[in-house]
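Here the structure is a predicted model, which means the values were calculated and not measured. Heavy-atom basis, side chains included; hydrogens, waters and symmetry copies ignored.
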Amino acid sequence: IFPVWAEFRGGKGVATLFGLVLGISPWTALGCVGIFLLVLFLTRFVSLSSILASLAFPVFIIVIFNVDNEAYRIFAIAVALLVILTHQKNITRLLRGSESKAPIFKYRDRRRERRLHDHF
């Protein structure tokens with residue numbers, strides 16, 4: 001999560017966790033990717049997408065797929081808490097409205113803004 005080559009500032013923890021979940025439970029990983037992509041498409045916030053996908057992870061494990069392995073349930077809850085913990089600065093920026101958006105869907109957003117501007 002805090003790689004040496006990024007001066008311990010944080011790294012690709014969510015991507016690493018995704019790879020682990022993909023290996024253990026592909027359907028759960030697919031569900032989490034679906035949540036991530038939906039939130040990303042709607043908001044363009046990668047951090048919010050990561051947080052909500054990680055919160056969905058224990059929901060998929062405990063509620064939807066009803067995995068009876070206690071260690072896996074605890075792991076799923078720990079992952080969600082860890083992602084929230086490591087995204088504290090992002091959460092603060094999201095609440096302040098200063099979080100950066102991913103530069104995807106720019107064409108869609110510009111088109112939407114032009115349509116709104118043309119109507120007024």
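- For the pair Ser47/Leu94, a side-chain contact is recorded, criterion being any heavy-atom separation below 4.5 Å from C-beta on.
- Residues Ile74 and Ile84 do not share a hydrophobic cluster, defined by chaining ILVMFWY side chains whose heavy atoms lie under 4.5 Å apart.
- For the atom pair CD1 of Ile77 and CG of Leu81, the computed distance is 7.5 Å after rounding to the nearest 0.5 Å.
- With hydrophobic clusters built from ILVMFWY side chains whose heavy atoms lie under 4.5 angstrom apart, Leu85 does not share a cluster with Ile51.
- Within the 4.5 Å cutoff, no side-chain heavy atoms of Leu52 are placed close to those of Phe36.
- Under a 3.5 Å cut-off, the side chain of Ser25 and the backbone N or O of Val21 do not form any donor-acceptor pair.
- Separation of atoms CG (Leu30) and CD1 (Ile35) is listed at 10.5 Å; rounding is to 0.5 Å.
- The NZ atom of Lys89 sits 12.0 Å away from the CD atom of Glu99 when rounded to the nearest 0.5 Å.
- Scanning both residues, Phe60 and Cys32, for their nearest heavy atoms gives CE1-N, 3.8 Å.
- A donor-acceptor pair is defined here as one N or O able to donate and one able to accept, closer than 3.5 Å; no such pair exists between the side chain of Arg73 and the backbone of Pro58.
- Taking the six-membered ring where tryptophan is involved, the planes of Phe57 and Phe75 are perpendicular, since the angle between them exceeds 60° and thus also 30°.
- Heavy atoms only, all atoms of each residue included: Val83 and Ser50 are closest at CG1-O, 4.1 Å.
- Judged purely by atom type and a 3.5 angstrom limit, Arg44 has no side-chain atom pairing as donor or acceptor with the backbone of Lys101.
- No side-chain heavy atom of Asn69 sits under 4.5 Å from any side-chain heavy atom of Ile61.
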Q) Run the side chain to side chain contact (heavy atoms under 4.5 Å, CB included) check on Leu22 and Thr28 step by step: do they pass? A) CA-CA 8 Å; Leu22 184 62; Thr28 302; over 6 Å; no
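- Applying the side chain to side chain contact (heavy atoms under 4.5 Å, CB included) criterion to Leu38, with sequence neighbours excluded, gives Leu42.
- At least one side-chain heavy atom of Gln88 sits under 4.5 Å from a side-chain heavy atom of Ile91.
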Q: Determine, step by step, whether Ile24 and Tyr72 satisfy the side chain to side chain contact (heavy atoms under 4.5 Å, CB included) criterion, reporting the C-alpha distance in whole Å, the side-chain angles of both residues, the deciding distance to 0.1 Å, and the verdict.
A: CA-CA 10 Å; Ile24 296 171; Tyr72 198 26; 3.5 Å; yes
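- Linking ILVMFWY residues whenever their side-chain heavy atoms come closer than 4.5 Å, directly or via other members, places Leu95 and Leu48 in the same cluster.
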